[in-house]
Amino acid sequence: MSAAKSRSSADRFAKAASSRRTAPAATEEAQPRPERGRTAVRSKPLRTTVDLSPADHKRLRRIADRLADDLDVGEVPRRAVWLALLAELAEDDALYERVRDRVKESRDDVDTA
């Protein structure tokens, strides 16, 4: 590549960059900028994986199949079961306390092992 062509490209990039910095688009001026130190709100779903024992996986499948029968649909995705459980856990204090106790028991079992 010749030096003249290389410099020409660099000049074009520099000119384009400076024009963007000195003349913001009208849409940028209209939208308020986030406060410094604040992060953007995440809009894409997050993936979480859970390792289940074969027995727990079988239990989850059976629950999903039973729900499908009750709802008279071909299949209930296991994701729907997890999301329903999370919603119930967030709304039901008694359920939350039972789950908290189970988590505490399972942590105690791991700590003593």
Open item on the list: Apply the hydrophobic cluster definition, ILVMFWY joined by side-chain contacts under 4.5 Å directly or through others, and give me every member besides V50.
Closed with: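 Reading the cluster by chain and number, V50 sits alongside L52, L60, I63, L67, L71, V73, V76, V81, W82, L85.
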
Open item on the list: Please determine whether residues Y96 and V103 belong to a single hydrophobic cluster, defined as Ile, Leu, Val, Met, Phe, Trp and Tyr linked transitively by side-chain heavy-atom distances below 4.5 Å.
Closed with: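 In one cluster: yes.
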
- [ ] Scan residues 88-104 for pairs that pass salt bridge (Lys or Arg N to Asp or Glu O under 4.0 Å), counting only residues two or more places apart or in two chains.
- [x]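 Salt bridge (Lys or Arg N to Asp or Glu O under 4.0 Å) check on residues 88-104 returns K104-D108.
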
TODO: Please list all pairs passing the salt bridge (Lys or Arg N to Asp or Glu O under 4.0 Å) test where one or both residues lie in residues 57-82, with sequence neighbours left out.
DONE: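 Pairs touching residues 57-82 that pass the test: D56-R59.
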
